[in-house]
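Quick notes on the structure that follows.
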Protein chains: 2
Amino acid sequence: MSQHQPTGDGPPAEPSGGAPTRGGSHPGTGTAGRGDTAGTLPRPTLESVAERAGVSRATASRVVNGGAGVRASLREKVQRAVDELGYVPNLAARTLVTRRNQAVAVVVSEPESRLFSDPFFAKHLRGISRELSSADNQMVLLLIEDQADFERVGRYLGGGHVDGALLFSLHHSDPLPDIARRVGLPFVIGGRPGWPGAESDRELTYVDSDNRGGGRIAVQHLQSLGRTRIATITGPLDQTSSVDRLDGYRDLLPYGDPDLIAEGDFTPDGGGRAMAELLARRPDLDAVFAASDAMASGALRVLREAGRRVPEDVAVVGFDDVEQIAAWTDPPLTTIRQDIEDMGRLMARLLLRRLAGQVDTTARRGPTSVITPTRLVVRGSA
Amino acid sequence: MSQHQPTGDGPPAEPSGGAPTRGGSHPGTGTAGRGDTAGTLPRPTLESVAERAGVSRATASRVVNGGAGVRASLREKVQRAVDELGYVPNLAARTLVTRRNQAVAVVVSEPESRLFSDPFFAKHLRGISRELSSADNQMVLLLIEDQADFERVGRYLGGGHVDGALLFSLHHSDPLPDIARRVGLPFVIGGRPGWPGAESDRELTYVDSDNRGGGRIAVQHLQSLGRTRIATITGPLDQTSSVDRLDGYRDLLPYGDPDLIAEGDFTPDGGGRAMAELLARRPDLDAVFAASDAMASGALRVLREAGRRVPEDVAVVGFDDVEQIAAWTDPPLTTIRQDIEDMGRLMARLLLRRLAGQVDTTARRGPTSVITPTRLVVRGSA
DNA sequence: GAGTCCATTGAGAGCGCTCCCAGGAATCGG
DNA sequence: CCGATTCCTGGGAGCGCTCTCAATGGACTC
């Protein structure tokens, strides 16, 4: 397997002097050609397939790309040649002429976010991967960690290496959508974009889960349990998901006491702090809707320390249904489930459709964005 | 906020049909040419840069690629042209001739594994991303979900689209290493490969955390606490990480009672079951080393239900230090930490080095694989 | 002052593939 | 049985870039 002569021919170094080493970049370079037994065997080209099948390159190409308009007998012959040679099209060459990369970028611009601590990220990717690979597209992952990365990623997106992009967790000042737009790269956003004007921008396509509806369901469940002093721990209110969940809460409690609302930060600690605050302000509360399971777990701990029983004294509902957390708190968390994987799949599908309909983005307008449903999962905490 | 027109457009629906916007995909398609005002503006090519700078394409290329051997004045001129035109090299074209893709594949072949429930996955990717992007390489993510995917991925790896691959969570029968080897694609494995013969295969490069050492540290800690009847809940023993952790345990308890060993499956449930089993066999146990935090959390629950206090009656040590779990169990988990991100970074670095030294894999041998350290994190459970 | 050498530069040949276009075969109507 | 269509097929022109090779010209040596 170790197919390398122990020659020390370094990449930059010039060959000593003899015949070209690199297998000669020019086909007819006398000396080598196929001769280089050592390195990677030269991959068969369409040309060689055509030759073996006794047809022209054009015909071979047709067969490889579906075989429409080629007589069956020839098609078979070419197919056989392909199999025998183990021919695999050179994507670079194909891309060069078709301008299609069969690849989309997945950009995640949240260094320390929940995307990394929750299984969110992985699930999203899985959904995306499913959809993408079924259309024979690859997924190029671009992680943004600091400001400098924005430039790098921007350059990449503008470099024509991918046919489209899936953008996650954008912030208000995120330059990515603009960059993508400028270079004419189709993209779909994960999560409702929250910057000013985004709402009315009909060009923006995004997929989000029904955060508001989820908030409503949570409160509704709590109310159906007879709870009347329902508090809520929100996520950071500069994120649309937090705002939407809170809006859902407000939908059912339009005249609620502001003292029953505390802002957390999606972490267990933050949830705990918010819970303590709520308890101080309204010791009589009998239910809490936490906008994330992580915060709910922190709240649970604070409640326990305060001597409140869950769900008897205080009923708790979380959000996300992260198995790692929700199923293993004590008591297990009643929560709002969102189908992350499905969101990923949807995003990919939306993008793919757009790419297929390359034709006309404008006419394709209509209902571009999609909201995926959320639903209640009852466990022990409420 | 509820930004949705009440349209019921199913994903598969066909568009109404409109005039092509994005300009024909074929460069010289008579009709249009450059005329397509609407779509993407034609990207500048090296040719145009050269022309604008008044030099030849070759010189422009030299400047773009580092500018060695080009007179300063010309170099500047070309640089200016590049900036003004916003030139970005066409990677496909470059790849076509250089045979370098500046991209590596990351293959994860574990559909339902911990990789997806733990933040493991994300952390690995982050580490990889860091390293890769600093070398201006892209990361193509390939997720394997079922058997059919193996073929797809194999084809991809063999397709010459990437310069190397990072392979994760391989199983015994995993065909990927063989495929990669056959097509001469350099690769690095995440986690010690466990198939027969792998150990002695000097061609195999892998990065793993010091599972065995971690197991030792865990038991050592328990012993230092004065515990003498230390049980262990192992992971599935067909995985090297499980075996290694158990070996660590055995290193310190060579003559231990087999009744103190129970096999789990890395899930909380499995951990709980194993714990119950251990409790039944050895009611007098005073400590447990669980080979994962998830299993430890299940064990914790069973212990609580059995009326054992932790850590007073039974001390518990986990493994992984997954924040989501370890910091939020009751009591918080004392555990063994492994630096996942660093492992990712290391894998990428190893691969990159190999790619750079393309030259001769054989000579580069030396210490190919790397084991990253693990360390004890003391919280409340032991 | 002639000869030699080195640093620069440009010309041109491809990399492997797709697609336009035209020629030839096969098919069909009259 | 012949001209008009319709099908197939091969020829050939690039896609944008890198790299080899030869030509140019000035610096330097003797």
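Chain naming here is simple, since letters A, B, ... match the order of the sequence lines and numbering starts at 1 in each.
- Residues A:Q138 and A:L132 fail the side-chain proximity criterion, which asks for heavy atoms closer than 4.5 Å.
- Here salt bridge (charged side-chain N to carboxylate O under 4.0 Å, His left out) pairs that include residues 70-81 of chain B, with residues two or more places apart or in two chains, number zero.
- For the contact set between residues 86-94 of chain B and DNA chain D, defined by any heavy atom under 4.0 Å, the members are B:Y87, B:P89, B:N90, B:A93, B:R94.
- Judged as a ring-ring contact (aromatic ring centres under 6.0 Å, His included), not a single pair has a partner in residues 72-91 of chain A (not counting sequence neighbours).
- The NE2-P distance, from A:H161 to D:dG16, rounds to 14 Å in whole Å.
- Comparing B:S73 and B:L96 by the nucleotide of DNA chain C that holds the closest heavy atom to each, the one mapping nearer the 5' end is B:S73.
- Here the C1' atom of nucleotide C:dC15 and the CZ atom of B:R100 are 17 Å apart, to the nearest Å.
- The nearest heavy atom of DNA chain D to B:V64 and to A:G69 marks one nucleotide each, and the one closer to the 5' end goes with A:G69.
- Partners of B:R52 under the side-chain contact (heavy atoms from CB on, under 4.5 Å) rule, at least two apart in sequence or in another chain, are B:A81, B:E84, B:L85.
- Looking at residues two or more places apart in sequence or on another chain, you find a side chain to side chain donor-acceptor pair (under 3.5 Å) between B:S56 and B:T59.
- If you measure from atom CZ of A:R71 to atom P of C:dA26, you get 7 Å, rounded to the nearest angstrom.
- Within residues 75-84 of chain A, no residue has a heavy atom under 4.0 Å from DNA chain D.
- Checked by atom type and distance alone, the side chain of B:N101 never pairs as donor or acceptor with a backbone atom of B:A103 at under 3.5 Å.
- Rounded to whole angstrom, the span from the CG atom of B:N65 across to the P atom of D:dT20 amounts to 13 Å.
- Listed by first and then second residue, the ring-ring contact (aromatic ring centres under 6.0 Å, His included) pairs involving residues 53-73 of chain B amount to none (not counting sequence neighbours).
- Here B:Y156 pairs with B:H161 under the ring-ring contact (aromatic ring centres under 6.0 Å, His included) rule; sequence neighbours left out.
- Separating the CZ atom of A:R99 from the P atom of C:dC19 is a distance of 12 Å, rounded to the nearest angstrom.
- In this structure, the salt bridge (Lys or Arg N to Asp or Glu O under 4.0 Å) partners of B:E47, at least two apart in sequence or on a different chain, are B:R57.
- Counting all heavy atoms, side chain and backbone alike, B:G158 lies closest to B:V183 at CA-CG1, 3.7 Å.
- Taking the side chain as every heavy atom from C-beta outward, B:V107 and B:F168 never approach each other to under 4.5 Å.
- Of the residues in residues 55-63 of chain B, those with a non-hydrogen atom less than 4.0 angstrom from any atom of DNA chain D are B:R57, B:A58, B:S61, B:R62.
- A:D149 pairs by the side-chain contact (heavy atoms from CB on, under 4.5 Å) definition with A:I144, A:E145, A:D146, A:R152, not counting sequence neighbours.
- Remark: the A:T205 side chain and the A:R354 side chain contain an N/O donor-acceptor pair separated by less than 3.5 Å.
- Proximity note for A:V97 (side chain, C-beta onward) versus C:dT9, D:dT9, C:dT18: the nearest is C:dT18.
- The end-to-end axis angle of the helix from C:dG1-D:dC30 to C:dG30-D:dC1, rounded to 10 degrees and based on five pairs per end, is 30°.
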